Amino acid sequence: MTGPREMFETREGERRLDHNPAAMPPDAGVVFIGRITSPWTTRENCPKNMRAAREAGQPAMLTIDAPYREGLRGLERASHVVILSWLHHAPRNLIMQKPRHAAEAKGVFGLRSPARPNPVGLHVARLVGLDITTGRVDLDAIDVLDGTPVLDIKPYFASTDAIAEATVEGREESDRGQR
């Protein structure tokens, strides 16, 4: 397995923490409930966001482990789901990052990069199919590497989750609502 540092090169202006959060004692009892099957096997070919993943036209699948499958009951009512994943290849000690497209480095909490103290991924995907018996959850697309652990699944509620007036200064108007 490729280590986190090998996948993320250091760029000018970036800073790392003095400690690696991955080496600290855990303070939460987080468990993986399954894994993601995706066509993406390298960081280079993995889409950078869900819009790009949908444009690639490659479906994805979650396989939920047996003890958690009963928790899928009722999910079939949702057209879309929120998936929280653990981006296990990402470095956890990068606190200032310089995206390739940016003129200057930014703090990790001002970015959507997977490199962060707790590399939790957030994905909104269309639910295509569900088999509770096997724990199979079919999705229209996903923007993570094959084998990425799943932390949680929630139904997406457009009435409460979508905020039409939300903005991020410096982002183009056409990017709104596409993530």
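Computed from a prediction, not measured in an experiment: that's the story for all the values here.
Distance check, rounded to the nearest 0.5 Å: CD1 of I83 to OG1 of T148 gives 11.0 Å. Distance check: T42 OG1 to H89 NE2 gives 10.5 Å after rounding to the nearest 0.5 Å. To the nearest 0.5 Å, the span separating CZ on R16 from OG1 on T10 amounts to 4.0 Å. Here the CG-CG distance, from D143 to L145, works out to 10.0 Å after rounding to the nearest 0.5 Å.
Between the side chain of K98 and the main chain of A102, a donor-acceptor pair closer than 3.5 Å is present. Between the side chain of T167 and the main chain of E169, no donor-acceptor pair closer than 3.5 Å is present. In this structure, D65 contributes its side chain and P67 its backbone to no donor-acceptor pair below 3.5 Å.
Across N45 and T41, no two heavy atoms sit closer than the pair OD1-N, 3.4 Å. Minimum interatomic distance between R116 and V108 (heavy atoms only, all atoms of both residues): NH2-O, 3.2 Å. Nearest heavy-atom pair across V81 and L139 is CG2-CD2, 3.9 Å. Heavy-atom minimum distance, P119 versus P117: CD-O, 3.7 Å.
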| request: Please test R112 against N49 for side-chain hydrogen bond (donor to acceptor under 3.5 Å, both in side chains), starting from the C-alpha separation and ending with a verdict. | output: CA-CA 9 Å; R112 298 286 293 266; N49 56 52; over 6 Å; no
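Taking 4.5 Å as the limit, some side-chain heavy atom of I153 sits within range of a side-chain heavy atom of L75. Taking the side chain as every heavy atom from C-beta outward, L122 and L84 approach each other to under 4.5 Å.
V120 is not connected to L94 by any chain of hydrophobic side-chain contacts under 4.5 Å among Ile, Leu, Val, Met, Phe, Trp and Tyr, and they are in different clusters.
Remark: D140 engages R54 in a salt bridge, criterion side-chain N to carboxylate O under 4.0 Å.
Every residue meeting the side-chain contact (heavy atoms from CB on, under 4.5 Å) condition with P149, not counting sequence neighbours, appears here in chain and number order: F32, R35, W86, H88.
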